[in-house]
Amino acid sequence: SRNVLLSGLVFFLVSSVAIFYLLPIRLSPVSLPELDTESSYTPTQTRKLLTPKELAEMEMAGERAKKLAKEILEKQLSLEELRVNLWASLEFASAQDIFNTAENFFLQGNVKEAITNYTKANNQLGMLEKKASTILSDKIEAGIIAIKNEDFNTAIEALSIATAIDQDNYELKRLFDKARNLEDVISLVKSASLNEEDSNLEKARDLYAQAIKLDGDWEKAKLGLNRTESKIKEERYMNSMSKGSAALSKKNYVLAKKNFEAAHSLFPKRDAPQDGLLQVEQDELNTIVNRHIITAEKKVGNFEWAAAQSEYKAALALTPGLKIAKENLKKVEERLSLNLDLKRLTQDPTLLKSDQELSKAITLIANLSNREGISANTNQQIEELANYISLARTEIPILFLSDNKSEVTIEKTKRLGKFQEQEIRLIPGRYTLIASRPEYRDVRTEIIILPWSRERDFYIVNTELIR
């Protein structure tokens, strides 16, 4: 390609000099040597004065030669990109020789012969360009046939030329990779087949898989892989069924279930694994239910009511009709409900401000006091709640402070009006103070009143103007 480019550069330089040299002839009527387009030109020949027509014809011939040379250069570059030397080296070299001859004629001033040879070289290169598509399809077909016949050398040779011509064809590149991997694929399949015959199934499977990794479409490898995987699967199935039966006979339910499930996962439509699992489930069910009930009774003894509830529910989930579990679950859930109420009321004694909650608290203490099996923590909570009940209706003096401009109300309790200082008596509980004043934003404040609270003075006024 360097020679081609150099020839092109020389051509353009000579053409430029020739035109530069000839153009002034039009302007100066000096004696010039005659340019004979039928024979070789030498600088020593006597020049004659050329007419404008002759000068124009000479210039047009030069331009045509330049245009042909440019086309030739473009075709040469295009063919070199198509790796023409791999599939038509002699024809390409011949065209190059003709082009060089044309260049020499042009340098000698024989434009006619130069154009003739340029045209010949251009036509020959054009034929090669057209031939490329035929060569491409022939080589692809030859490569495909060679792959099918497992002739990797022929396949590589044909497809190397095809990929050289069509370098951007992804599918063609994949076909070329298939050809290059063919020798290894054939070897791997042969080795896998031998291992399969010797019952080395896992080794055979791995070799078939390696072959497929190199060529995912190789039919022998795919068939071999499917066949060995089926054999391996059958072996594993029989092994799992055998182990499951042995474990069941020894009452090892976990191991038996594991093996029957493994067999079922291999062949979900077969009945034997399902039958084995049903037998394990039936044998195991009573043991599991009894374990849950025993655990639940222990939790009750430790006052762990939520844990006992979970255990009884687990037993009933397995055997919904189990009477003893149902009765005990009901008792545990009643106890859980009482304990939750006790916790709620002791954590927030202000709830006793409500008559309904106070009545509920009194009933709760009576209910718990009559029960057996009370934990130390529950006894302490009962004592706390009893104390809260005794103080629930004790009125506590509370001092309210304001600015004598804000209208103060205890929500749902009492209207205090405007004042600077006012003392009233309130029972323990939560209260909401509301202060209102024209043109000011309302103020809401929640206060908690308890017998043991130190904070008994509350200040509330409206301070934020509404704009």
Side-chain angles (χ1 to χ4, degrees), residues 1 77-90 92 128-241 261-270:
S1 61
L77 291 173
S78 173
L79 286 166
E80 284 180 352
E81 287 183 359
L82 298 177
R83 310 286 177 84
V84 66
N85 286 323
L86 291 176
W87 48 274
S89 57
L90 294 178
F92 186 67
L128 286 177
E129 282 186 325
K130 292 178 181 179
K131 186 180 178 181
S133 61
T134 303
I135 293 291
L136 174 62
S137 59
D138 290 346
K139 293 301 180 183
I140 291 174
E141 183 179 358
I144 292 172
I145 292 172
I147 289 172
K148 288 181 179 179
N149 294 333
E150 301 185 8
D151 183 356
F152 45 84
N153 288 325
T154 301
I156 291 172
E157 181 182 351
L159 292 173
S160 62
I161 294 173
T163 52
I165 295 173
D166 192 356
Q167 298 175 30
D168 297 326
N169 190 324
Y170 174 73
E171 290 301 323
L172 187 54
K173 288 179 180 179
R174 285 185 68 246
L175 191 62
F176 188 32
D177 288 339
K178 182 191 285 282
R180 288 186 291 186
N181 292 331
L182 183 55
E183 183 177 7
D184 290 338
V185 170
I186 293 170
S187 176
L188 286 167
V189 170
K190 183 177 180 181
S191 179
S193 180
L194 291 173
N195 276 279
E196 186 181 355
E197 290 175 4
D198 292 338
S199 297
N200 297 326
L201 297 177
E202 293 189 359
K203 178 65 175 175
R205 177 201 60 194
D206 293 343
L207 289 169
Y208 283 128
Q210 289 178 43
I212 290 173
K213 191 173 181 181
L214 292 174
D215 187 348
D217 299 325
W218 198 248
E219 194 64 23
K220 290 182 180 179
K222 290 196 293 184
L223 290 173
L225 181 63
N226 290 336
R227 189 172 53 250
T228 51
E229 285 185 338
S230 295
K231 291 178 180 178
I232 291 170
K233 187 177 179 181
E234 188 65 36
E235 278 191 358
R236 288 177 178 173
Y237 171 80
M238 295 305 297
N239 188 42
S240 294
M241 288 299 297
E261 285 177 345
H264 176 69
S265 67
L266 292 168
F267 292 102
K269 293 184 179 180
R270 294 187 181 180

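Quick caveat: nothing in here was measured; it's all calculated off a predicted structure.
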J.: For a quick test of reading the model, state the closest non-hydrogen atom pair linking Thr163 to Ser160 and the distance between them.
T.: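 In terms of heavy atoms, the two residues are closest at OG1-O, 3.0 Å.
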J.: Scan Ile144, Asp151, Ile145 and name whichever one has a side chain to side chain contact (heavy atoms under 4.5 Å, CB included) with Lys148.
T.: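 Passing option: Ile144.
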J.: Enter the distance from Tyr237:OH to His264:NE2 here, rounded to the nearest 0.5 Å.
T.: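 Tyr237 atom OH to His264 atom NE2 measures 10.5 Å (nearest 0.5 Å).
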J.: Hey, could you give me the CD1/CD distance between Ile161 and Glu157, rounded to the nearest 0.5 Å?
T.: 6.0 Å
J.: Carefully, step by step, assess Asp177 and Arg174 under the rule salt bridge (charged side-chain N to carboxylate O under 4.0 Å, His left out).
T.: CA-CA 5 Å; Asp177 288 339; Arg174 285 185 68 246; over 6 Å; no
J.: Evaluate side-chain contact (heavy atoms from CB on, under 4.5 Å) for Leu172 paired with Leu159, printing each intermediate quantity in order.
T.: CA-CA 8 Å; Leu172 187 54; Leu159 292 173; 4.2 Å; yes
J.: Do NZ/NE/NH1/NH2 and the carboxylate oxygens of Glu234 and Lys231 come within less than 4.0 Å?
T.: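 Between Lys231 and Glu234 there is no salt bridge, as every charged N stays at least 4.0 Å from the carboxylate O atoms.
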J.: For Trp218 and Ile147, what are the C-alpha separation, side-chain angles and deciding distance, and is it a side-chain contact (heavy atoms from CB on, under 4.5 Å)?
T.: CA-CA 10 Å; Trp218 198 248; Ile147 289 172; 4.0 Å; yes
J.: Between Asn169 and Leu175, does a side-chain contact (heavy atoms from CB on, under 4.5 Å) hold up when you go through it step by step?
T.: CA-CA 10 Å; Asn169 190 324; Leu175 191 62; over 6 Å; no
J.: Give me the one residue out of Lys233, Arg236, Met241 that meets side chain to side chain contact (heavy atoms under 4.5 Å, CB included) with Phe267.
T.: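 The passing option is Lys233.
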J.: Report all side-chain donor-acceptor pairs from residues 199-213 shorter than 3.5 Å, counting only partners two or more places apart or in another chain.
T.:
unit_1	atom_1	unit_2	atom_2	d
Asn200	ND2	Asn195	OD1	3.4
Tyr208	OH	Glu196	OE1	2.9
Tyr208	OH	Arg227	NH2	3.4

J.: For Glu261, I'd like to know if atom CD has over 12 heavy atoms of other residues, nucleotides or ligands within 6.0 Å.
T.: yes
J.: Shortest non-hydrogen contact from Leu182 to Ala146?
T.: CD2-O, 4.5 Å
J.: Partners of Lys220 by salt bridge (Lys or Arg N to Asp or Glu O under 4.0 Å), sequence neighbours excluded?
T.: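 Per chain and number, Lys220 pairs via salt bridge (Lys or Arg N to Asp or Glu O under 4.0 Å) with Glu150.
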J.: Considering residues at least two apart in sequence or located in another chain, which fulfil the salt bridge (Lys or Arg N to Asp or Glu O under 4.0 Å) criterion with Asp138?
T.: none
J.: Can you list the steps and then say if Ile156 with Phe176 is a side-chain contact (heavy atoms from CB on, under 4.5 Å)?
T.: CA-CA 7 Å; Ile156 291 172; Phe176 188 32; 4.1 Å; yes
J.: For the backbone of Lys190 and the side chain of Ser193, can you confirm whether one donor and one acceptor N or O come within less than 3.5 Å of each other?
T.: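 Judged by distance alone, no pair lies under 3.5 Å.
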J.: With a 3.5 Å distance limit and no angle check, can you tell me whether Ser265 reaches the backbone of Ala262 through a side-chain donor-acceptor pair?
T.: yes
